[in-house]
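Throughout, numbering of the chain's residues begins at 1 and tracks the sequence.
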Amino acid sequence: MKQAFGLLLLLFVANGAMAQMDFRQETIASFEIAQNKVIGLAEVLTDDQYAWRPAEGVRSVEEVIRHIAGTNYWMLTQMGCQPPAETGFTGDYSSVVAFETAHGRPETETVLAASFVHLRACTEAISDERLAQDMDLFGTPGSGQGYLMLTSTHLHEHLGQLVAYARMNGVVPPWSN
């Protein structure tokens, strides 16, 4: 089966049926995959499940969702993209920690959706020169492209956390039915 899929993919590429995506498009596609799944989970979890946490001192479901939204706003401040003033985000990580506190499901779902709109707009606006520029990735040398990869990895890491939380609460992720 794997070989058949590989051959089919090769035929599509050889015939020009699949356009090559650039790094920015691939990154945005990765963000959209995480966005659809995180929002999908956020919508199927109950209010009680939003408050659930696996142990004392660990983020609740809602706090994880707000963490995702917060870092969607904060991560790209490191590349010069500023979030809307009303979010309260600064270049300092403490603004993300403050944002994570529970505010209720309706507000959390609203800020989550808005944060993904912001993340995409910022990713589209970053210049190619900035993507190629050297930068510090939390103590490790890298580039703007590496920073976007880190942002995508972070999203998918917390998506996995939400999947684990959902399954621990008997919820099957909507895309895996």
Do [X] and [Y] sit in the same hydrophobic cluster, where Ile, Leu, Val, Met, Phe, Trp and Tyr count as joined when their side-chain heavy atoms come under 4.5 Å apart?
X	Y	result
Ile65	Val172	no
Val117	Ile39	no
Leu150	Ile28	no
Val58	Leu159	yes

Nearest 0.5 angstrom please: [X] [atom1] to [Y] [atom2], how far?
X	Y	atom1	atom2	answer
Leu76	Leu148	CG	CG	6.0 Å
Asp48	Asn169	CG	CG	9.5 Å
Asn72	Thr123	CG	OG1	9.0 Å
Gln49	Glu62	CD	CD	13.0 Å
Leu119	Leu155	CG	CG	6.0 Å
Glu43	Arg105	CD	CZ	8.0 Å

Could you walk me through whether Trp175 and Ile33 pass side-chain contact (heavy atoms from CB on, under 4.5 Å), step by step?
CA-CA 11 Å; Trp175 63 89; Ile33 290 167; over 6 Å; no
Does atom CE (Met149) have a neighbourhood of more than 12 heavy atoms from anything else shown, all under 6.0 Å?
no
Write down the atom of [X], the atom of [Y], and the distance for their closest heavy-atom approach.
X	Y	value
Pro84	Tyr73	CD-CE2, 3.9 Å
Thr77	Pro83	CG2-CD, 3.4 Å
Ala166	Leu41	CB-CD2, 3.8 Å
Ala51	Ser60	O-CB, 3.8 Å
Pro174	Val44	CG-CG1, 4.0 Å

If the plane angle is over 60° it's perpendicular, under 30° parallel, otherwise tilted; pick one for Tyr165 and Trp52.
perpendicular
Which word best sums up how the rings of Phe99 and Phe89 line up, parallel for under 30°, tilted for 30 to 60°, or perpendicular for over 60°?
tilted
Taking [X] for the side chain and [Y] for the main chain, is one N or O donor matched with an acceptor at less than 3.5 Å?
X	Y	value
Gln145	Ala132	no
Arg66	Ala98	no
Glu100	Val97	no
Arg167	Pro173	no
Ser30	Glu26	no
Arg130	Ala125	no
Thr71	Trp74	no
Asp22	Arg24	yes

When you look at Thr151 and Phe31, which way does the side-chain contact (heavy atoms from CB on, under 4.5 Å) test go after all the steps?
CA-CA 9 Å; Thr151 302; Phe31 291 163; 3.9 Å; yes
Evaluate the criterion side chain to side chain donor-acceptor pair (under 3.5 Å) for residue pair Tyr147 and Gln133; output intermediate values, then yes/no.
CA-CA 10 Å; Tyr147 197 79; Gln133 189 176 30; over 6 Å; no
Side chains of Glu157 and His154, donor plus acceptor under 3.5 Å:
no
Please examine the side chains of Arg59 and His158, heavy atoms only from C-beta on, and report whether any two atoms are closer than 4.5 Å.
yes
Can you find a heavy atom in the side chain of Met79 that is under 4.5 Å from one in the side chain of Cys81?
no
